[in-house]
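Contents: one structure, followed by commentary.
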Amino acid sequence: MGGRHLAESIVTDTATRILSDLADPQSVNRARDTAWEPALWRALSGAGLPLAWVPEELGGVGGESADGFELARVSGEFASPAPLTETLLAGWLLAQAKIASPTGVMTVAPCRWNDVIGMRRDGRLMGRARGVPFAAASEHIAVVVTGAEGCRIACVATSACRIAIGKSLAGDKVGEVTFDDVKPIAIADAPTGFDAAKLMTMGAAMRALETAGALQALLRMSTQYAGERVAFGKPIAKFQAVQHNLARLAGEAAAAMAAASSAADALSTIAADPRKFDEGIFLEVAAARIRSAEAATEGAAIAHQVFGAIGFTKEHVLHRFTMRMLSWRDDFGNESQWALELGNQIARRGADGLWPFLSSR
Amino acid sequence: MSTALQFDPIRLPPECEVLRREVRAFLAEEIAAGTFDPAAIETDDLFNREFSRRVGKKGWIGITWPKKYGGQERSFLERYVITEEFRIANAPVRLHFTADRQSGPVLIKYANEALKADILPRITRGECCFGIGMSEPNSGSDLFAASTKATKTDGGYRINGTKVWTSNAHNADYLIAIFRTAPATKENRRHGLTSFLVDMKSPGITVSPIYNLTGLHDFNEVVFGDMFIPDTHVLGEIDGAWKQATSELAFERSGPERFLETFIVMIELVRVLGAKPDVRAAEALGRLVAQVHTLRRMSVSVNGMLQAGKEPIVEASVVKDLGTVWEQRLPHRAREIAAFVDSGDVTNRALFEEHLAFATMIAPKLTLQGGTTEVLRGIIARGLGLR
């Protein structure tokens, strides 16, 4: 991606500072309205974070690929309810077709394997995208348009689409976006070989990092709580059964982080250039998606077990992490769908190709 | 204490891939020459003197050790590549594996110069087999309950007692064993054990086989009847073995052998499923691949930390816990996945079932050897600051 280098620690520090000041999970959970949302977004935008993946000439900051992945991880650590990763992905997508990014909240479509957005001969878009995160909150949607002669990338005003608003497990707004004769603001050919799967790949990698970040936070919270909560005359952290549950949570958090960091590293090495997405990248991202989603399932269950009834209340902050992590499993292809693709790829390579392939990473 | 475990995405550097090609070529030659069969079920043939000597000639035993002791001063990541390629090929490494992995590094750290100069070069030449004398009839996971006694005498110690589950004792030239030199104290129940180098040629040692449930002879009972060990063979601090035990663990617990022991079942499963598996089988296969890739990336990461001079004991315990639980479950998953596949090559199916049966039989040991799941989770819990 080149451009100006944002040192990893600066991005991390900036995002961490903004999120702790303006999106502390406890305060967000207690808030009676959404008045905190604009201030958070202003701060994130002011620091240039949502457009970290957009080159300067297209209106962005021109950060490194690694910066965006690091933002996803930090965002997950705070169970952040801001559409940061969605806007990052949209900026990345538009940049592939050299389309300048508008300011404001963006999201991407399609986000499911089987959803297809097409284009009529008059240049208007048709189709439906389900499960689009933050669709209603966005001002623009970056769209992969699939056609007989290759793909195009379009920037669409959200107001031109019909949106049926739903909610994710975490209460975040998710939309079913219908493109019914929508005229894009900008549209251009995607690079040769680009298709919707490339967006799914980037999206899945981002969700894996967010999940890994959330699991780190869950491990920290659960360990701390177990040291404070007294039952049977001692902190529950002193019971071997609880210790072993927390050790398992540490293992799940570590596996999710290892798989997600490995995928982010692989993508950063090729500057997230979709023309270089090969089968090795596919393995890295699929494994990150699958392993982090499995870790989310296991990890959420363990954390709730540690916290007991208090963690099952609306008032407690735990659900902000667990429910968001569980809902992330379904964005950009769930882990079963990625596993099916990966399994088929492995089967095509055959038994004697398995180890050479694994050991090439 | 921080709860965040570090697993940096370390990549194997180019010299590792050069080495991997050399190792594969060497193993292919050995297979072609009939030294071993990569598809064979484990047998006692995994102990092969001539093969270990040829590996030693290549410089692949003790590869990370100082040159003055016969090592190559190469990296832990290169050692990692050798370990995983030998494991995947099912190569007969039993003679040198333990010495290469942990006994050699212990000697380098705690033995006197004369012992190092004598023994380490022999290990690197593939001539020297080691065993580990930890467990006793009443001391397994509870290592510090060991009671085999070392009584001080002129110029050394007299050893009396029994070790069990001692892998390789019947082949070993040496054991590294812990014996009780003093009682535990009230303040420290770990006090009083000392680590020794045992020359298996010493009079007063009786090795008897204990056959495991597969019928194979790997572990043994080792009885010491007034065996003499000279003072020069004490490793490290008298009564202080507990301080030394932990650093060994990072080496012992993080390697690819901790998740690849049943991997051949997965290879044969892919063969049985063919190029177009049904949806259920393909999805399940994809999940297995995601796991093994993740474990491998974690293991490489830990070896990168070892190379950087760190002691990632908690991280290594995480790798072994996740890895062994996974490899133990693998044959059972493979069986379920293959349940509806009822066609295809009969020979492939037979090979798959043979490996499946063997892996199912050895599965119980995977979460016991080298630290049980429960012990590992205790170490992780301590790392989290819970103990």
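So that the names make sense, note that chain A is the first sequence line, chain B the second, and so on, each numbered from 1. Because the structure is a prediction, the values reported are computed rather than measured.
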Subject >> Options R20(B), M266(B), E315(B), E17(B), ranked by heavy-atom pairs under 4.5 Å with chain A, top entry >> reply: R20(B)

Original post:
Is a salt bridge present between R271(B) and D352(A), judged by a nitrogen-to-oxygen distance below 4.0 Å?
Top reply: yes

Subject >> Salt bridge flag under 4.0 Å for residues R258(B) and E327(B) >> reply: no

**OP:** Could you tell me which portion of A266(A) (side chain, backbone, both or neither) has an atom closer than 4.5 angstrom to a non-hydrogen atom of chain B?
**Re:** both

**OP:** Sort out for me which of M298(B), E268(B), H293(B), R297(B) touches chain A most, counting heavy-atom pairs under 4.5 Å.
**Re:** H293(B)

Original post:
Looking at E335(A) and R291(A), does any basic side-chain N land under 4.0 Å from a carboxylate oxygen?
Top reply: no

**OP:** Any chance you could lay out the salt bridge (charged side-chain N to carboxylate O under 4.0 Å, His left out) test for E210(A) and R324(A), step after step, and finish with the verdict?
**Re:** CA-CA 10 Å; E210(A) 289 175 277; R324(A) 196 156 273 110; over 6 Å; no

Subject >> Contacting region of E294(A) [heavy-atom separation from chain B under 4.5 Å] >> reply: side chain

**OP:** Please work out whether the ring planes of F307(A) and Y225(A) are parallel, tilted or perpendicular, with thresholds of 30° and 60°.
**Re:** parallel

Subject >> Which atoms of L273(B) approach chain A - backbone, side chain, both or neither, heavy atom under 4.5 Å >> reply: neither

Original post:
Under 6.0 Å between ring centres, would you say that holds for F332(A) and W338(A)?
Top reply: no

**OP:** Measure distances from L386(B) to the heavy atoms of chain A and classify the residue's part below 4.5 Å as side chain, backbone, both or neither.
**Re:** both

**OP:** Find the distance between CG (L246(A)) and OG1 (T223(A)) and round it off to the nearest 0.5 Å.
**Re:** 5.0 Å

Subject >> Heavy-atom proximity to chain A below 4.5 Å, by part of L260(B) >> reply: side chain

Original post:
Residue by residue, which of residues 274-291 of chain B have a heavy atom closer than 4.5 Å to a heavy atom belonging to chain A?
Top reply: G274(B), A275(B), P277(B), V279(B), A282(B), E283(B), L285(B), G286(B), R287(B), V289(B), A290(B), Q291(B)

Subject >> Min side-chain heavy-atom separation D331(A)-M206(A) under 4.5 Å >> reply: no

Original post:
Is it the side chain or the backbone of T269(A) that comes within 4.5 Å of chain B heavy atoms, both, or neither?
Top reply: neither

**OP:** Answer with side chain, backbone, both or neither: which region of L354(A) has an atom nearer than 4.5 Å to a non-hydrogen atom of chain B?
**Re:** side chain

Original post:
Taking the side chain as C-beta and beyond, is there a heavy-atom pair between V325(B) and R248(A) under 4.5 Å?
Top reply: no

Original post:
Can the ring centroids of F263(B) and W326(B) be said to lie less than 6.0 angstrom from one another?
Top reply: no

Original post:
Which residue out of R348(A), K238(A), H244(A), Q224(A) racks up the most heavy-atom pairs below 4.5 Å with chain B?
Top reply: H244(A)

